[in-house]
Amino acid sequence: MSEPTEKPAISNFIRNIIDDDIANNKWNHPVTTRFPPEPNGYLHYGHAKSICLNFGLARDYAGVCHLRFDDTNPEKEEQEYVDSIIDAVRWLGFDWGDKQFFASDYFDKLYAYAEFLIEQGLAYVDSQSAEAMRENRGTHIVAGKNSPYRDRTPAENLDLFRRMKAGEFADGAHVLRAKIDMASPNFNLRDPVIYRIRHAEHHRTGNKWCIYPLYDYTHCISDALERITHSVCTLEFEDHRPLYDWVLDKLQPIIGWHPQQIEFARLNLTYVVLSKRKLITLVEGSHVDGWDDPRLPTLVGARRRGFTAAGFRLFTDRIGVSKGDSWIDMSILEDCMREDLNFTAERRIAVINPVKLIIDNYAEAESEICFAPNHPLKPELGKREIMLSRELWVEREDYMETPSKGYFRLFPGNKVRLRYGYVVECTHAEYDDNGNLSAIHCNYLPETKSGTAGADSVKVKGNIHWLSAAHASAVEVRLYDRLFAVPHPGADDRDYLLDINPDSKQVISAYIEPALCDIAAEQHFQFERNGYFVSDRMDSKAGAPVFNRTVTLKDTWVQKK
RNA sequence: AGGGGUGUCGCCAAGUGGUAAGGCACUGGAUUUUGAUUCCAGCAUUCGUAGGUUCGAUCCCUACCACCCCUGCCA
């Protein structure tokens, strides 16, 4: 077994473009990408794809990837989100050195370039109302109408624009528009607004500005100023590329750099929702326990769930990148987490759904030590001691009064191994007044202790985990499952809230090895035969960890049933 | 007077005028004190459909079909 490494990347359309550019020495500049979030919310799995893609490209081509906050909308953006985004990208394992920028860093330049466009007759101040502008924009089949203000002179525009900046006008009184083509079949070119008046405090520039540039104008210029070579964004910006190119073409004389915008298909994942609007509803409607709920597809949630950065990187490589709309099944992500955790996580024992197993021929007062390896793939991690005694906790699912075909665990007359301990033969079980299983009885075979010469003298198929009832500790464990019960929540205009999986969170008390009580927060373990768990980084307390189930182990037995 | 994209195995995804990579899933079989892991083998005569060009087409041409995106002073 070797460490799961991220394989050499296979060809994709973005790499092909970069390879060509390098072959042609197009840039004479290191490959430079950027991850450009707007700090107005929490990052989710979809962002992880973009982050791994952009930073991965920079890493593979020995270039750099900038982290740039697209903070041009003062009404929505907050420092809190900036901080959480920084945490998330770092957590995913990437580093951007001093290449951290804000679009708001460029407000002065953006403004100066706007004056340049006005002077060139390429932008004008429009004083129509928002409604009038919408009406005059036209439709799919009708060309837009020119604004009555479209022919203002550069001098008049300059004067108005400067007064907009000076705060002489109310919000919405005027906008600055690029003068392109109101009849263009591409709406983005029907004289797009590039500046609007907003008397609002900005999280970084405070009250310095009351006019703010819009995305299409800001993004391309920010890219160019940072000498980005490949500006990778999602498909819905394909229609914006002509505008991206228009702005940079017009500004070529003063900026002299023109990155290539490349669009890829955003991530679609089954069994979750990724739209910001829906995530907000889930949080505000208390369908989940906040933005870092382990069931939510946010990165803060993923981290609490026990998902790992390496797992996300593996996932990104595994799903590839293309321009085709596609749906990735949640099982792919879960499997990536298993693959990482299988190598990474130490093994421990926990009994999640306990029932007593009584070894009738084991002396009541007695107990003994058994040894369990901490990681079957890494013997260098050593072994730990586990106490065995007469009364044990085992999983309810490990007993069947009348076994179904192929079942090879506990049932009367059958032998199984108590993992790392003895082979026992099941004799009978007890039931309470309600008919529920209350205890299982067995006898052990003293010569079969694991690690002794006679260990293999009796061959058994079944192998179950257990904990000494007298020694085990009880802790809170949260069993998480997929948030939605169907692959495509809300498909066919159904209310997606109706598709929520009612059993996505189960809080239970489970038994664990006593030493586990002292572990630190955010430690990953495989609870043998149960799955991967992590000590919750928010709710664990000294001596009293809380465990979150990250993902179960693959189980071909339940599949067969 | 609409425009921009995408269609290759169940799910992703390479490829490209010379006869369909890879991964995941799945199915066998081996190993296994986790029904896990690991290992080995199998898994598209076919590339949305129909025509055309060509010795040869998934690739070029034509038409058609399906799906996604676009009329914020959001990003």
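Letters go in sequence order (proteins before strands), and every chain restarts at 1.
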Find the partner of A30(B): check Watson-Crick (N1-N3 plus N6-O4 or O6-N4) and G-U wobble (N1-O2, O6-N3) distances, both under 3.5 Å, and reply none if neither fits. U38(B)
Nearest to the side chain of Asn186(A), which nucleotide is it out of G3(B), A75(B), C12(B)? G3(B)
Which is true for Arg347(A) with a 4.0 Å heavy-atom rule: it touches a base, it touches only sugar-phosphate, or it touches nothing? base
Against the side chain of Leu553(A), the closest entry in C24(B), A13(B), A36(B) is A36(B)
What does Asp239(A) touch in the nucleic acid at a heavy-atom separation under 4.0 angstrom: a base, only the sugar-phosphate, or nothing? base
Go through C74(B), U6(B), A1(B) for me and flag the one nearest to the Ile141(A) side chain. A1(B)
May I have the distance from His240(A) (atom NE2) to C70(B) (atom P), rounded to whole angstrom? 9 Å
Between the base of G35(B) and the side chain of Asp555(A), is there a donor-acceptor distance below 3.5 Å? no
Please work out whether G72(B) sits syn or anti, treating a glycosidic angle within 90° of 0 as syn. syn
Ignoring backbone atoms, test whether Arg137(A) places a side-chain nitrogen or oxygen under 4.0 Å from the OP1 or OP2 oxygen of C73(B). yes
What contact category does Leu418(A) fall into here, base, sugar-phosphate, or nothing, at under 4.0 angstrom with non-hydrogen atoms? nothing
Spacing of the C1' atoms in C12(B) and A25(B) (rounded, Å): 11 Å
With a non-hydrogen cut-off below 4.0 angstrom, is Tyr420(A) in contact with a base, only sugar-phosphate, or nothing? base
Test: Arg204(A) and Asp105(A) ion pair at under 4.0 Å: yes
Quantified in whole Å, what is the P atom distance between nucleotide G51(B) and nucleotide C40(B)? 44 Å
So, OP1 or OP2 of C11(B): does either fall under 4.0 Å of a side-chain N or O from Ser331(A)? no
Which pair of heavy atoms, one from Met330(A) and one from Val272(A), lies closest together, and at what distance? CE-CG1, 3.4 Å
Students often get this wrong, so: under 4.0 angstrom with heavy atoms, is Gln128(A) touching a base, only sugar-phosphate, or nothing? base
With respect to Tyr217(A), which candidate in Tyr195(A), Tyr111(A), Trp246(A) satisfies the ring-ring contact (aromatic ring centres under 6.0 Å, His included) definition? Tyr195(A)
Donor/acceptor link under 3.5 angstrom from Arg190(A) side chain onto base of U71(B): no
Asp317(A) CG - A21(B) C1' separation (whole Å): 17 Å
Hey, would you say the Tyr45(A) and Phe315(A) ring centroids sit under 6.0 Å apart? no
Look at atom NZ of Lys49(A) and say whether more than 12 heavy atoms of other residues, nucleotides or ligands are closer to it than 6.0 Å. yes
Quick one: which of A75(B), G2(B), U37(B) gets closest to the side chain of His140(A)? G2(B)
In whole Å, I'd like the distance from the NZ atom of Lys461(A) to the P atom of G35(B). 10 Å
Rounding to the closest angstrom, what is the interatomic distance between G5(B) and G10(B) at atom P? 29 Å
Please report, rounded to the nearest Å, how far the P atom of A36(B) is from the CE atom of Met337(A). 22 Å
With a 4.0 Å cut-off on heavy atoms, is Phe408(A) in touch with a base, just the backbone sugar-phosphate, or nothing at all? base
Have a look at Gly531(A) and say if it touches a base, only the backbone sugar-phosphate, or nothing, with a 4.0 Å heavy-atom cut-off. nothing
Identity of whatever pairs with A75(B) - Watson-Crick or G-U, under 3.5 angstrom: none
Between G35(B) and Arg409(A), counting only base atoms on the nucleotide and side-chain atoms on the residue, is there a donor-acceptor pair under 3.5 Å? yes
I'd like to know if the side chain of Tyr124(A) pairs up with that of Asp191(A) as donor and acceptor (distance under 3.5 Å, no hydrogens or angles considered). yes
Would one find a side-chain N or O of Ser326(A) under 4.0 angstrom from OP1 or OP2 of C11(B)? no
For the backbone of Val355(A) and the side chain of Glu395(A), can you confirm whether one donor and one acceptor N or O come within less than 3.5 Å of each other? no
Opposite nucleotide pairing with A20(B), Watson-Crick or G-U, both atom distances under 3.5 Å: none
Taking the six-membered ring of Tyr212(A), is the NZ or CZ of Arg198(A) close enough (under 6.0 Å from the centre) and on axis enough (within 45°)? no
Are Lys378(A) and Glu346(A) within salt-bridge range, i.e. N to O under 4.0 Å? no
So what does Glu528(A) touch, heavy atoms closer than 4.0 Å: a base, only the sugar-phosphate, or nothing? base
Hey, does Val460(A) reach any base, or is it just sugar-phosphate, or nothing, if we go heavy atoms under 4.0 Å? nothing
It should be established whether Asn268(A) places a side-chain nitrogen or oxygen under 4.0 Å from OP1 or OP2 of nucleotide C68(B). no
Measure the distance from NZ on Lys76(A) to C1' on C73(B) and round it to the nearest whole Å. 12 Å
Under 4.0 angstrom between Ser322(A) side-chain N/O and A13(B) OP1 or OP2: yes
Identify whether any heavy atom of Ala265(A) sits under 4.0 Å from a base atom; if not, whether one sits that close to sugar-phosphate; answer base, sugar-phosphate or nothing. nothing
Below 4.0 angstrom from OP1 or OP2 of A75(B), is there any side-chain N or O of Thr72(A)? yes
Stacking of Tyr215(A) on A75(B) base (centres under 5.5 Å, planes under 30°): no
Could you please name the option among G72(B), G3(B), C12(B) that lies closest to any side-chain atom of Ile328(A)? C12(B)
Now, which nucleotide makes the Watson-Crick or G-U wobble pair with U6(B), with each of the two distances under 3.5 Å? A66(B)
With nearest nucleotides of RNA chain B determined for Ala455(A) and Gly324(A) from heavy-atom distances, which residue corresponds to the more 5′ nucleotide? Gly324(A)
Nearest-Å distance for atom pair CG/C1', residues Asp171(A) and G72(B): 15 Å
Does Val175(A) or Glu236(A) map to a spot on RNA chain B nearer the 5' end, using the closest nucleotide for each? Glu236(A)
Taking atom P in both A14(B) and G22(B), compute the distance separating them and give it to the nearest angstrom. 15 Å
Indicate, with a heavy-atom threshold strictly under 4.0 Å, whether Phe69(A) touches base, sugar-phosphate, or nothing. nothing
Counting heavy atoms from C-beta on, name the nucleotide in G2(B), G35(B), G4(B) closest to the side chain of Glu238(A). G4(B)
Would you indicate what Asn16(A) reaches in the nucleic acid, counting non-hydrogen atoms under 4.0 angstrom: base, sugar-phosphate, or nothing? sugar-phosphate
Pair Lys145(A) + Glu135(A), salt bridge at N-O below 4.0 Å: no
Hey, does the side chain of Arg198(A) come within less than 4.0 Å of C74(B)'s phosphate (OP1/OP2), counting only N and O? yes
On the nucleotide C74(B), are OP1 or OP2 found under 4.0 Å from the side-chain N or O atoms that Arg196(A) carries? yes
Atom CD of Glu334(A) and atom P of U37(B): how far apart are they, to the nearest Å? 14 Å
Listed nucleotide nearest any side-chain atom of Lys554(A), set A25(B), C70(B), G23(B): A25(B)
To the nearest angstrom, how far is Ile194(A) atom CD1 from A75(B) atom P? 13 Å
